[in-house]
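Chain naming here is simple, since letters A, B, ... match the order of the sequence lines and numbering starts at 1 in each.
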Amino acid sequence: MQIDMTNTITEQKPAMEVKGLSFAYGSNKVLQNISLQIEKGKITTIMGANGCGKSTLFSLMTRNLNPGKGKVLLHGKNIQSMKLMDMAKKVSIVHQYNSAMDDITVEKLVSYGRTPYMKLMATESEEDKQIIDWALEVTNLNKYRDREVGKLSGGQRQRVWIAMALAQNTKILFLDEPTTYLDIRYQIEILELIKKLNRDYKITIIMVLHDINQAIHFSDHVIGLSEGKVIVEGRPSEVISTESIQKLYGIRLNVATVEGQKFVLTV
Amino acid sequence: MNEKTISEETGFQIQPDEGQLQDRDRKHRRVMRATISFVVVILALIILFFAAINIGSLQVSFGELLQGLFVKYNENVATIWDLRFPRIIISMLAGAAIAVSGVLFQAVLKNPLADPGIIGISSGASFAAVLITAFAPSLYFFTPLVAFLGGVVAFFLVYCLSWKGGLSPLRIILTGVAVNALFTGLASAFNSMSGGDMSGVASIVEANITQKTWGDVVTLFPYVAAGLILAVLFIGECNLLTLEDKTARSLGINVNTTRIVISLVAVLLASIATAIAGAISFLGLIVPHIGRILVGSDHKVLVPFSALAGALTFLLADTLGRTIAAPYEVSAAVIMSVIGGPFFILLLRRSTKYAN
């Protein structure tokens with residue numbers, strides 16, 4: 001196992017910080033002066049209605065957009081001033097939409113996750129191989145390692161993208177709507193996998209989820225956006241209520257509590 | 001969660017199951033197919049090389065050839081050495097360069113239909129070469145460099161003009177066709193204006209490699225070698241460019257810079273081949289396409305295979321061109337167009353991916 005466990009005694013520094021972040025497409029202000037902290041070793045979910053700015057926030061935090069104002073800090077350092085390669089060793093990202101050559105094998109695709117560690121013209125080291133094996137093992141893909149990516153089901157393919165991100169061996173993992181396009185069975189499978197990564201390997205997870213109940217159940221912390229502002233923030237069991245859902249999504253829904261768990265009745 | 005929703009825990013597996021064995025079998029077969037393809041192409045290239053030496057009005061036996069080359073002077077062998085060897089070597093170098101250029105363009109533009117000929121890079125290079133041959137023949141030595149600049153201009157035009165919040169495969173082809181027409185027209189116009197009898201201009205425009213000498217080989221070789229070495233160095237990046245841009249970026253790759261650098265290598269390969277052998281269409285499309293079927297999409301094997309198969313294809317086209325209507329010659333470019341046109345249409349019709 002290549003994951004370094006020494007960091008598990010949490011220092012109280014946040015893994016990532018967002019400070020005074022604003023962003024606009026032309027005159028359309030998408031994010032307005034957002035500040036938040038991502039706690040180390042936790043699962044944080046960004047939620048909100050369509051167009052609330054959650055995708056923009058995700059893009060800014062993963063450096064696919066440049067902020068108009070404010071900054072995103074990773075371990076206290078502005079990500080804008082980091083080299084892409086260095087950032088790729090600290091943060092891995094599973095994007096919502098992915099594509100690859102159909103005839104590439106699962107193992108080969110996962111090995112691309114080692115890119116940030118590769119020297120020019122170098123071949124895979126023993127360490128690279130071990131981490132790739134570990135990534136395949138954790139995502140339950142070991143028996144598909146020789147299969148072509150084009151022959152996988154949607155759920156398996158999503159696990160391959162997660163395995164590729166894991167091969168980057170980072171402490172922080174971003175996922176953009178990791179359950180879209182999947183059947184409910186695979187949705188739960190992916191979310192369970194994410195929970196396992198967080199629990200067993202102490203990976204800090206930051207994701208965007210569409211489904212309110214999945215966000216409540218699989219997160220330690222939720223950040224609810226509306227009109228480019230943080231409206232709701234905290235432990236889901238504390239902050240989710242009929243009122244907060246109404247503020248976020250503009251619709252009144254009942255919230256039931258079953259065996260101590262909150263459920264938003266979405267019908 | 002009940003047990004059904006939790007994914008099966010990975011037990012330590014001693015026996016691989018059926019699916020795994022099938023996967024390994026398929027993988028094994030892919031490796032075999034790739035190996036056989038390489039062997040066949042290399043053998044075919046060697047055989048064709050010796051056949052091409054001996055095809056034409058002058059013929060020598062293999063023994064005579066070796067003797068004439070290495071032991072003692074033989075007039076026939078000397079003539080073949082001066083006339084046929086250069087064009088054969090130029091065919092192979094140009095073929096390899098154009099095919100690899102095609103692979104690189106396809107990776108950079110995420111478009112399996114990109115071909116340096118079709119998208120106008122070759123004609124841009126060709127026009128620049130015509131200009132320098134017509135107006136500054138004393139700078140003949142710099143033709144490859146000028147052709148490269150012409151290729152860069154053409155690529156810049158295609159890239160910018162087809163950019164509309166993204167690159168649609170079909171839009172690139174359409175823009176490329178227009179850019180291609182423009183430069184081909186300009187080159188023909190200059191050829192006509194110069195009376196059509198300036199053999200240097202005409203030979204570039206008509207892709208005629210009959211008159212090529214060892215001097216041309218010497219001009220072409222270092223550029224092709226440099227281009228191919230650079231292409232090999234960027235194999236890993238080419239593979240990563242097949243992912244979504246955002247994904248490649250999250251792996252630490254600066255996608256835009258990588259794209260520009262690989263494009264320049266592709267333009268270099270296409271332009272220098274054009275400067276010496278003329279504009280060739282479809283070669284950079286057909287060879288990589290067949291390569292993907294035979295050896296797979298991994299650039300680690302696709303690039304070297306395309307270089308070999310490109311050399312073979314171009315040499316075959318040239319040899320065919322000087323045999324089918326001997327003593328008249330049909331240029332390799334014409335042969336490639338006649339074969340490549342229908343092939344391109346077939347690709348367009350078969351693919352659901354590119355055309356909607």
Side-chain angles (χ1 to χ4, degrees), chain A residues 59 62-64 83-89 91-106 108-109 112-118 120-121 137-148 151 155 159 161 164-165 168 174 176 184-186 188-193 196 217, chain B residues 1-2 4-13 15-28 30-31 34 107 110 112 232-258 292-293 295-302 353:
Chain A
S59 297
T62 53
R63 217 178 148 184
N64 278 299
K83 281 188 188 156
L84 276 177
M85 278 288 176
D86 291 337
M87 192 167 152
K89 290 176 190 168
V91 174
S92 51
I93 306 151
V94 177
H95 289 284
Q96 186 177 6
Y97 179 71
N98 276 300
S99 60
M101 301 176 269
D102 276 347
D103 61 354
I104 187 174
T105 62
V106 168
K108 176 90 185 160
L109 185 53
Y112 289 171
R114 299 304 295 160
T115 304
Y117 300 91
M118 287 295 205
L120 191 71
M121 295 306 284
E137 191 74 48
V138 179
T139 50
N140 225 339
L141 285 168
N142 216 348
K143 62 177 179 177
Y144 301 114
R145 58 162 61 213
D146 292 324
R147 188 162 295 183
E148 292 127 280
K151 294 183 101 84
R159 297 211 308 264
W161 296 112
M164 189 174 101
Q168 284 175 249
F174 276 89
D176 191 4
I184 184 69
R185 183 191 149 188
Y186 296 118
I188 301 295
E189 191 183 277
I190 293 294
L191 289 166
E192 287 290 336
L193 170 63
K196 181 168 89 174
H217 284 252
Chain B
M1 295 300 138
N2 65 44
K4 269 193 182 161
T5 56
I6 299 170
S7 52
E8 69 257 45
E9 281 303 319
T10 335
F12 186 75
Q13 278 177 319
Q15 280 293 319
D17 67 14
E18 187 132 342
Q20 264 174 294
L21 289 176
Q22 273 175 12
D23 290 342
R24 276 185 211 168
D25 193 43
R26 286 177 55 85
K27 190 181 171 188
H28 182 70
R30 283 200 304 274
V31 174
K110 287 181 189 291
V232 169
L233 286 176
F234 288 119
I235 279 173
E237 279 78 1
C238 286
N239 278 338
L240 292 173
L241 283 182
T242 63
L243 305 173
E244 289 299 307
D245 284 3
K246 275 184 182 177
T247 309
R249 193 175 150 83
S250 71
L251 294 171
I253 297 293
N254 191 331
V255 176
N256 292 334
T257 314
T258 309
R292 281 190 192 93
I293 295 170
V295 302
S297 328
D298 185 351
H299 289 82
K300 210 172 180 174
V301 281
L302 184 60
K353 253 194 296 196

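- Proximity to chain B (any heavy atom under 4.5 Å) is restricted, for A:Thr105, to the side chain, taken from C-beta onward.
- Only the side chain of A:Lys108 comes within less than 4.5 Å of a heavy atom in chain B; its backbone stays farther off.
- Here the closest heavy-atom approach between residue B:Arg292 and residue A:Asp103 is recorded as O-OD2, 4.4 Å.
- Contact annotation for A:Ile104: neither backbone nor side-chain heavy atoms come within less than 4.5 Å of a heavy atom of chain B.
- With sequence neighbours excluded, the residues satisfying salt bridge (charged side-chain N to carboxylate O under 4.0 Å, His left out) with A:Arg147 are B:Asp23.
- Enclosure of atom OH in A:Tyr117 by more than 12 non-hydrogen atoms of other residues, nucleotides or ligands within 6.0 angstrom is indicated.
- Between B:Leu251 and the options A:Ile93, A:Leu84, A:Thr115, a side chain to side chain contact (heavy atoms under 4.5 Å, CB included) holds for only A:Thr115.
- If you measure heavy-atom distances from A:Tyr97 to chain B, the contacts under 4.5 Å come from both the backbone and the side chain.
- Heavy-atom contacts from other residues, nucleotides or ligands closer than 6.0 Å to NZ of B:Lys110 number more than 12.
- Taken from OH in A:Tyr112 to CD1 in B:Ile253, the straight-line distance is 11.5 Å, to the nearest 0.5 Å.
- Taking chain A as the reference chain and counting heavy-atom pairs below 4.5 Å, the highest number among B:Leu240, B:Asp245, B:Ile235, B:Asn254 is found for B:Leu240.
- Residue contact with chain B, scored on non-hydrogen atoms closer than 4.5 Å, involves the side chain of A:Leu109 exclusively.
- Of the atoms belonging to A:Arg145, not a single heavy atom falls under 4.5 Å from chain B.
- For A:Lys151, the part lying near chain B is the side chain, with the backbone staying farther off; criterion is any non-hydrogen pair under 4.5 Å.
- Contact count versus chain B (heavy atoms, under 4.5 Å) is highest, among A:Met164, A:Met85, A:Arg114, for A:Met85.
- In this structure, OG on B:Ser250 lies 12.5 Å from CZ on A:Arg63, to the nearest 0.5 angstrom.
- Once rounded to the nearest 0.5 Å, the distance linking CG of B:Leu302 with CE of A:Met101 reads 9.5 Å.
- Of the atoms belonging to B:Lys246, heavy atoms from both backbone and side chain fall under 4.5 Å from chain A.
- Atom CG of A:Asp146 sits about 8.0 Å away from atom CZ of B:Arg30, to the nearest 0.5 Å.
- Smallest separation of non-hydrogen atoms from A:Ala88 and B:Gly252: CB-N, 3.7 Å.
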After noting the C-alpha distance and the side-chain angles of A:Glu148 and B:Arg26, does the key distance pass the side-chain contact (heavy atoms from CB on, under 4.5 Å) rule? CA-CA 9 Å; A:Glu148 292 127 280; B:Arg26 286 177 55 85; 2.7 Å; yes
